[in-house]
Amino acid sequence: MAIAENIKTILSEIPSNVTLVAISKTKPLEAITEAYNSGHRIFGENKVQELTTKYEQLPKDIEWHLVGHLQTNKVKYIAPFVSLIHSVDSLSLLKEIDKQGKKNNRIIRCLLQVYIASEETKFGLSEDELNELAYSEAFRSLTNVSVCGLMGMATFTDNTNQIRKEFKSLYLIFQRLKATWYANNPEFKEISMGMSSDYRIAIEEGSTMVRIGSDIFGERNYKL
Ligand SMILES: *Cc1c(COP(=O)(O)O)cnc(C)c1O
């Protein structure tokens with residue numbers, strides 16, 4: 001009951017143009033089924049193995065997102081079904097996604113992950129790397145990936161000013177790309193930012209997609 005209630009509460013709080021991705025990593029099938037039965041269809045995982053296992057076992061009208069770091073050699077496992085990859089951080093990864101998209105005869109939707117935090121541990125492209133990638137010839141020749149926007153994670157901190165500043169920076173980077181390279185591409189429209197602890201700030205700063213795990217499913221227990 002709690003899971004369905006939590007989703008309902010969050011959906012009532014966020015604007016209707018913001019997509020809620022329920023992050024179900026480490027959670028059992030029953031928890032996802034409870035969310036599913038309440039009507040929710042968009043779920044995200046951060047590990048390829050867990051994502052494919054859950055995809056196989058759950059209803060096929062679920063929209064599965066990958067939000068965690070993706071290794072090139074694992075793209076093939078998710079390419080047939082993944083709905084959105086939030087965590088693309090290199091041209092070589094994008095090329096592999098393109099290749100697997102061709103093999104599966106589909107266009108795979110992706111977000112480019114931008115490094116906005118002040119921590120060393122977060123994956124993602126710097127703005128310079130992002131520009132280099134976005135304007136490269138190799139990037140333009142990809143046919144089976146669709147870059148739908150950007151994703152970023154703020155620093156894990158209680159300092160809301162800092163979090164807000166980082167989200168603002170992602171929004172500005174998005175606006176710059178939107179105004180230039182993606183000016184004629186209506187598909188480039190998503191800003192994936194905001195998790196349980198900071199999604200309210202993220203929405204105020206222009207998020208179109210929030211990735212919420214523990215506020216829906218409860219705390220994760222990694223010792224299981
Ligand atoms: C786990 C995870 C989330 C959700 O985190 P919560 O704090 O549980 O909401 C969001 N984004 C990514 C990339 C994650 O790995």
Side-chain angles (χ1 to χ4, degrees), residues 2-14 18-28 31-32 34-35 40 42-55 62-71 74-75 78 82-90 93 97 109-125 148-160 162-164 166-167 170-171 174 190-224:
I3 292 172
E5 280 297 313
N6 293 341
I7 290 180
K8 207 172 127 200
T9 305
I10 294 168
L11 285 175
S12 73
E13 259 181 36
I14 67 179
V18 174
T19 303
L20 172 61
V21 185
I23 305 296
S24 48
K25 63 189 187 196
T26 79
K27 297 297 175 183
I32 302 173
E34 184 178 338
H40 200 72
I42 308 174
F43 295 88
E45 290 283 333
N46 70 333
K47 294 210 167 75
V48 166
Q49 171 79 62
E50 192 172 343
L51 176 60
T52 46
T53 307
K54 286 176 174 171
Y55 163 73
I62 288 179
E63 219 186 86
W64 286 106
H65 293 204
L66 183 78
V67 300
H69 185 65
L70 176 59
Q71 288 173 291
K74 292 192 176 161
V75 176
I78 60 168
V82 72
S83 168
L84 183 65
I85 302 173
H86 289 234
S87 44
V88 176
D89 59 1
S90 72
L93 180 57
I97 296 168
R109 296 165 68 241
C110 297
L111 305 177
L112 300 174
Q113 185 171 353
V114 185
Y115 180 88
I116 52 170
S118 63
E119 294 156 325
E120 277 304 321
T121 54
K122 298 273 157 79
F123 292 103
L125 299 151
C148 299
L150 305 178
M151 184 272 238
M153 288 168 86
T155 303
F156 187 71
T157 173
D158 290 336
N159 184 340
T160 54
Q162 182 176 355
I163 294 170
R164 189 177 294 282
E166 292 170 359
F167 286 150
L170 184 62
Y171 184 78
F174 173 85
E190 304 292 353
I191 310 178
S192 167
M193 59 183 190
M195 319 189 355
S196 293
S197 57
D198 56 20
Y199 72 89
R200 292 175 185 87
I201 304 174
I203 290 171
E204 285 168 10
E205 299 306 331
S207 172
T208 66
M209 204 172 253
V210 290
R211 310 176 309 270
I212 301 182
S214 35
D215 271 12
I216 294 174
F217 296 105
E219 293 299 317
R220 286 177 296 274
N221 183 357
Y222 284 106
K223 291 186 199 76
L224 282 178

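All values derive from a computational prediction rather than experimental measurement. When a ligand or atom number is given, it counts from 1 through the structure's own listing order.
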Mind listing the N or O contacts between ligand 1 and protein, cut-off under 3.5 Å?
unit_1	atom_1	unit_2	atom_2	d
ligand 1	8 (O)	Ser214	N	2.8
ligand 1	8 (O)	Ser214	OG	2.8
ligand 1	8 (O)	Arg220	NH1	2.7
ligand 1	8 (O)	Arg220	NH2	3.1
ligand 1	9 (O)	Ser196	N	3.0
ligand 1	9 (O)	Ser196	OG	2.5
ligand 1	9 (O)	Gly213	N	2.8
ligand 1	11 (N)	Arg211	NE	2.9
ligand 1	15 (O)	Lys25	NZ	2.6

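- Ser90 pairs by the side-chain hydrogen bond (donor to acceptor under 3.5 Å, both in side chains) definition with Ser92, not counting sequence neighbours.
- In this structure the side chain of Leu20 reaches within 4.5 angstrom of the side chain of His40, judged on heavy atoms.
- Trp64 and Phe43 have tilted rings, their planes meeting at an angle from 30° to 60° on a 0 to 90° scale.
- By the 4.5 Å heavy-atom criterion applied to side chains, Leu84 and Val21 are not counted as neighbours.
- When each of Arg211, Lys25, Lys54 is tested with Glu45 by the rule salt bridge (charged side-chain N to carboxylate O under 4.0 Å, His left out), just one qualifies, namely Lys54.
- For the 3.5 Å distance criterion, the side chains of Gln71 and His69 fail to qualify, holding no donor opposite an acceptor.
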